**Student:** 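My questions will all concern the structure given below.
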Amino acid sequence: MIYLDNAATTWPKPEAVYETLGSFLRTAGANPGRAGHRMAADAASAIAACRLRMARLLNAPSPERIIFTSGATEGLNLAISGLVRPGDRVATTTMEHNSVARPLRSVEERGAEVRKIGVKGGVLDLDALQEAAAGSRLLAITHASNVNGAVQPIAECATIAHEAGALLLVDASQTAGTMPIDVQALNVDVLAIPGHKGLLGPPGTGALYLGPRVPVDQLQPSRSGGTGFRSEEDRQPDELPYRYESGTGNTVGIAALGAALEYLERRGVSDITRHESGLVGRLIAGLAEIEGVTVYGAENAADQAAVISLTVEGWQPSDVGAVLDQSFDIACRTGLHCAPDACRTLGVYPGGTVRLSPGPFSSEDDIDVAIAAVAEIASSPFR
């Protein structure tokens, strides 16, 4: 199979991820921080090592500011529901995934005001952002669209947010692990990351970075319970990361995520960025030559993540995806990509697009086969 659905979940994973998933429960499958025996200590050590690697990847000021979650969705929900109160104003964009849009709808129904900012060619209009930021409590922005891969100017967004007295929440689902992210240089306040995409870890893992500007006493945890820390108290501890990590976590998943992060450190995120950028450029150039195919990407190649969408004249995206799968053994994603506002913005609602997303293990041959397959489909109008 030629796998071009890495924007949803990367595949394959580094071999160390599979090995860790197979071995961790046999050798260290105890509760971390809940006992003094060797297995518990080994579990705690694996989690601490993963937290340290994640902090290093993001250049976080301290590992304690990394909160483990089940994925970006949980992190985004925690941040939005925990920070936004009735009467608060939130600015966001029309390119957001439902993991941002739906929590924002929930807080809107509880009395918050949500302003959606338009985009130009998929990239945020900074003048519109500056206007919307006035009086806002929070700016919630995707780093790169999961529909057309357009990368937003996060450092500029942070400046606008902080000048307005707002916090900046970034959804890094399409960029963490595929593009260098320095949360201190970018001045990001909150960053949500899935473990199963660019970080090359297993499903059910992720992290939320909380920066120094975030009022932790006002960001309510989504649950309370055992933490293995201050167990003599009947209230949730305020210290990070314990405030947001109650109960027995996904230790095997976090250990495997740590193995994936070790792979990323060895290979280098910059190397993955170069590799994927080359493949995306090759893909866009090839698709642009096919009559009847429309490509949806960033206007500027420098603003393009490893995600592009297309439509084929005379074909429904779902039918194109089915033919790519059944006739060419190519895995892709079709439809609205859980981002209906983005599809409306791009003019492809309600059918959506065919999304192709190469990954760190994709090859030029994979791209060339995909281009040829799309060309063959485009030359054969759907009957």
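Not measured: the values here are computed from a predicted model.
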**Student:** Taking all heavy atoms of L139 and all of C157, pick out the closest pair and write down the distance.
**Tutor:** CD2-O, 4.3 Å
**Student:** With L191 as reference, evaluate L208, I181, L168 under the side chain to side chain contact (heavy atoms under 4.5 Å, CB included) test and give the passing residue.
**Tutor:** I181
**Student:** Is a salt bridge present between E245 and R51, judged by a nitrogen-to-oxygen distance below 4.0 Å?
**Tutor:** yes
**Student:** Using side chain to side chain contact (heavy atoms under 4.5 Å, CB included) as the criterion, point out the one residue from H97, R355, H337 that pairs with V147.
**Tutor:** H337
**Student:** With I330 as reference, evaluate V323, L4, D366 under the side chain to side chain contact (heavy atoms under 4.5 Å, CB included) test and give the passing residue.
**Tutor:** L4
**Student:** Roughly how far, to the nearest 0.5 Å, is the OH atom of Y263 from the CD atom of E15?
**Tutor:** 11.5 Å
**Student:** Are S363 and D365 close enough that a side-chain donor and a side-chain acceptor fall under 3.5 Å?
**Tutor:** no
**Student:** Ring of Y209, cation from R65 - is the NZ or CZ under 6.0 Å from the centre and inside 45° of the axis?
**Tutor:** no
**Student:** Can you tell whether the side chains of D189 and R213 come within less than 4.0 Å, N to carboxylate O?
**Tutor:** yes
**Student:** For residues S106 and E109, is any side-chain donor paired with an opposing acceptor at under 3.5 Å?
**Tutor:** no
**Student:** Under a 4.0 Å N-O cut-off, is there an ion pair linking D88 with R85?
**Tutor:** no
**Student:** Less than 4.0 Å between a side-chain N and a carboxylate O, is that true for R110 and E108?
**Tutor:** no
